[in-house]
Amino acid sequence: MENKLILDGSRVAAEIKEQLKKRVDSIISKGITPCLATVLVGDDPSSATYVKMKGNACEKLGIISKRIHLSADITTEDLLNTIHELNQDENVHGILLQHPVPSHIDERAAFEAIDIEKDVDGVTSWGFGQTSFGFGSYPSCTPAAIMAIMDFYDIAIEGKHAVVVGRSPILGKPVSMLLLNRNATVTTCHSYTQKLGEIVKQADIVVAAVGKPKFIQGDWIKQGAVVMDAGYNPGNIGDADYEACEKNAGAITPVPKGVGPVTIAMLLKHTVDAAEKKLENK
């Protein structure tokens with residue numbers, strides 16, 4: 001890549017949504033309206049904003065957004081009961097439990113309660129296992145967004161060395177698996193990794209997924225490398241030091257308008273996929 005390529009996630013998301021609109025219209029014409037249920041526990045303002053954004057994005061495409069807001073002091077059992085009800089609701093095609101939930105709730109148990117056919121956010125261990133084996137229907141949305149952006153811009157993955165900085169169960173680990181399944185050689189780094197900068201310098205593709213602002217340094221990026229910044233920190237700051245990393249990168253996602261918009265688009269896509277499966281099995 002001779003010229004700097006800014007990977008515009010807004011452009012990628014717009015194209016995905018344009019294709020989805022046609023599919024939604026087709027599904028509705030056959031008697032089913034895709035429906036995403038979002039479950040928000042408590043009153044965290046950031047979580048409330050994310051849920052509202054996802055709901056608005058649904059409604060613009062004609063997808064029903066079923067919003068469930070539960071009190072911060074509910075028990076794990078109450079939350080599990082709500083999820084089981086949504087599992088049984090034939091009009092709901094996807095379920096999203098907004099992360100994080102209050103600390104007294106067993107979040108992993110709540111994620112695991114989501115039916116695999118409705119796990120459109122890719123949060124269950126079953127879904128992760130399927131993704132790792134290469135046949136998962138709904139990988140976690142941010143990893144799916146990273147892959148979608150690279151595909152949109154025809155960025156080569158096969159044979160490349162990808163370094164993923166972060167190992168969370170819904171970002172670092174699944175994106176490592178997706179890259180591995182596309183024949184990249186993957187190194188997954190984390191807080192115990194020694195000489196991290198030296199490892200990142202070897203990467204053709206760097207995925208910043210560590211949850212710390214400006215953590216990835218510019219001099220860690222080798223000339224022409226691709227930087228996929230999945231971080232979103234207060235003040236619209238990513239996990240990579242954008243200005244410093246951009247100097248060496250051949251391609252880089254900005255924050256905002258990079259991975260974020262595509263993450264929401266992939267959530268909508270998975271919901272539409274689930275509704276189409278329902279239609280096929282009707």
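It should be emphasised that the depicted structure is a prediction, and the values quoted were computed from it without experimental measurement. As a basis for the values below, the full set of heavy atoms in this structure was taken, side chains included, without hydrogen atoms, waters or symmetry mates.
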Would you indicate whether the side-chain heavy atoms of Leu196 and Val200 approach each other to under 4.5 Å?
yes
Glu243 CD to Ile252 CD1 distance, which is reported to the nearest 0.5 Å:
10.5 Å
Residues at least two apart in sequence or cross-chain that pass salt bridge (charged side-chain N to carboxylate O under 4.0 Å, His left out) with Asp204, listed by chain then number, are Lys222
Check the pair Gln88 / Asp115 against side-chain contact (heavy atoms from CB on, under 4.5 Å), numbers first and verdict last.
CA-CA 9 Å; Gln88 299 301 317; Asp115 189 306; over 6 Å; no
Heavy-atom neighbours of Phe133 CZ exceed 12 at 6.0 Å:
no
Does a donor on one side chain and an acceptor on the other come within less than 3.5 Å for Asp106 and Thr76?
no
State, yes or no, whether a side-chain contact exists between Ile74 and Val41 at a heavy-atom distance under 4.5 Å.
yes
Determine, using the 4.5 Å side-chain heavy-atom cutoff (strictly less than), whether Val206 and Met177 are members of one ILVMFWY cluster.
no
Stepwise side-chain contact (heavy atoms from CB on, under 4.5 Å) test for Val165 and Ile216:
CA-CA 9 Å; Val165 185; Ile216 306 296; 3.8 Å; yes
Mind listing the closest non-hydrogen atom pair of Tyr232 and Asp239 along with its distance?
N-OD1, 4.4 Å
With side chains defined as the heavy atoms from C-beta onward, is the minimum distance between Pro139 and Pro174 less than 4.5 Å?
no
Student check: side-chain heavy atoms of Pro254 and Ile6 closer than 4.5 Å
yes
Applying a strict under-4.5 Å side-chain criterion to I, L, V, M, F, W and Y, I'd like to know whether Ile68 and Ile105 cluster together.
yes
Find out whether Ile28 and Pro34 are in side-chain contact, i.e. whether some heavy atom of one side chain is under 4.5 Å from a heavy atom of the other.
yes
Within the 4.5 Å heavy-atom criterion, are Ile116 and Gln130 side-chain neighbours or not?
yes
Given Val92 and Lys118, is the side-chain contact (heavy atoms from CB on, under 4.5 Å) satisfied, shown in steps?
CA-CA 8 Å; Val92 170; Lys118 299 187 179 187; 4.2 Å; yes
Let me check something: do Met228 and Phe152 share a hydrophobic cluster, defined by ILVMFWY side-chain heavy atoms less than 4.5 Å apart, either directly or through other members?
yes
Determine, for Glu15 against Arg11, whether the closest basic-nitrogen to carboxylate-oxygen distance falls under 4.0 angstrom.
no
Checking side-chain contact (heavy atoms from CB on, under 4.5 Å) between Arg67 and each of Val39, Leu36, Thr38, Leu40, which is the one that passes?
Thr38
Please set out all donor-acceptor pairs under 3.5 angstrom arising from side-chain atoms of residues 261-278, sequence neighbours excluded.
unit_1, atom_1, unit_2, atom_2, d
Thr263, OG1, Thr142, OG1, 3.4
Thr263, OG1, Val259, O, 3.1
Lys269, NZ, Asp273, OD2, 3.0
His270, ND1, Val120, O, 2.9
Thr271, OG1, Leu267, O, 2.9
Asp273, OD1, Arg23, NH2, 2.5
Glu276, OE1, Arg23, NH2, 2.7
Glu276, OE2, Arg23, NE, 3.0
Lys277, NZ, Ser137, OG, 2.7

Is there a donor-acceptor pair closer than 3.5 Å between any side-chain N or O of Thr49 and the backbone N or O of Pro45?
yes
Between Val186 and Thr188, does a side-chain contact (heavy atoms from CB on, under 4.5 Å) hold up when you go through it step by step?
CA-CA 6 Å; Val186 182; Thr188 307; 3.9 Å; yes
Same cluster or not: are Val51 and Ile64 linked, directly or through other Ile, Leu, Val, Met, Phe, Trp or Tyr residues, by side-chain heavy atoms under 4.5 angstrom apart?
no
Quick check: do Trp220 and Gln202 have side-chain heavy atoms less than 4.5 Å from each other?
no
Is any side-chain N of the basic residue among Lys54 and Asp121 closer than 4.0 Å to the acidic one's carboxylate O?
no
Begin with the C-alpha distance, continue with both residues' side-chain angles, and end with the deciding distance and a verdict on salt bridge (Lys or Arg N to Asp or Glu O under 4.0 Å) for Asp151 and Arg182.
CA-CA 11 Å; Asp151 286 343; Arg182 293 282 295 273; 2.7 Å; yes
Hydrophobic clusters here meaning ILVMFWY residues chained together by side-chain heavy-atom distances under 4.5 Å, can you tell me if Phe215 and Ile146 are in one?
no
In Å, rounded to the nearest 0.5 Å, how long is the span from NE2 of His93 to CG of Leu86?
12.5 Å
Do Leu179 and Ile157 come within less than 4.5 Å of each other through their side chains, counting heavy atoms only?
yes
Spacing of Gln98 atom CD and Ser47 atom OG [to the nearest 0.5 Å]:
4.5 Å
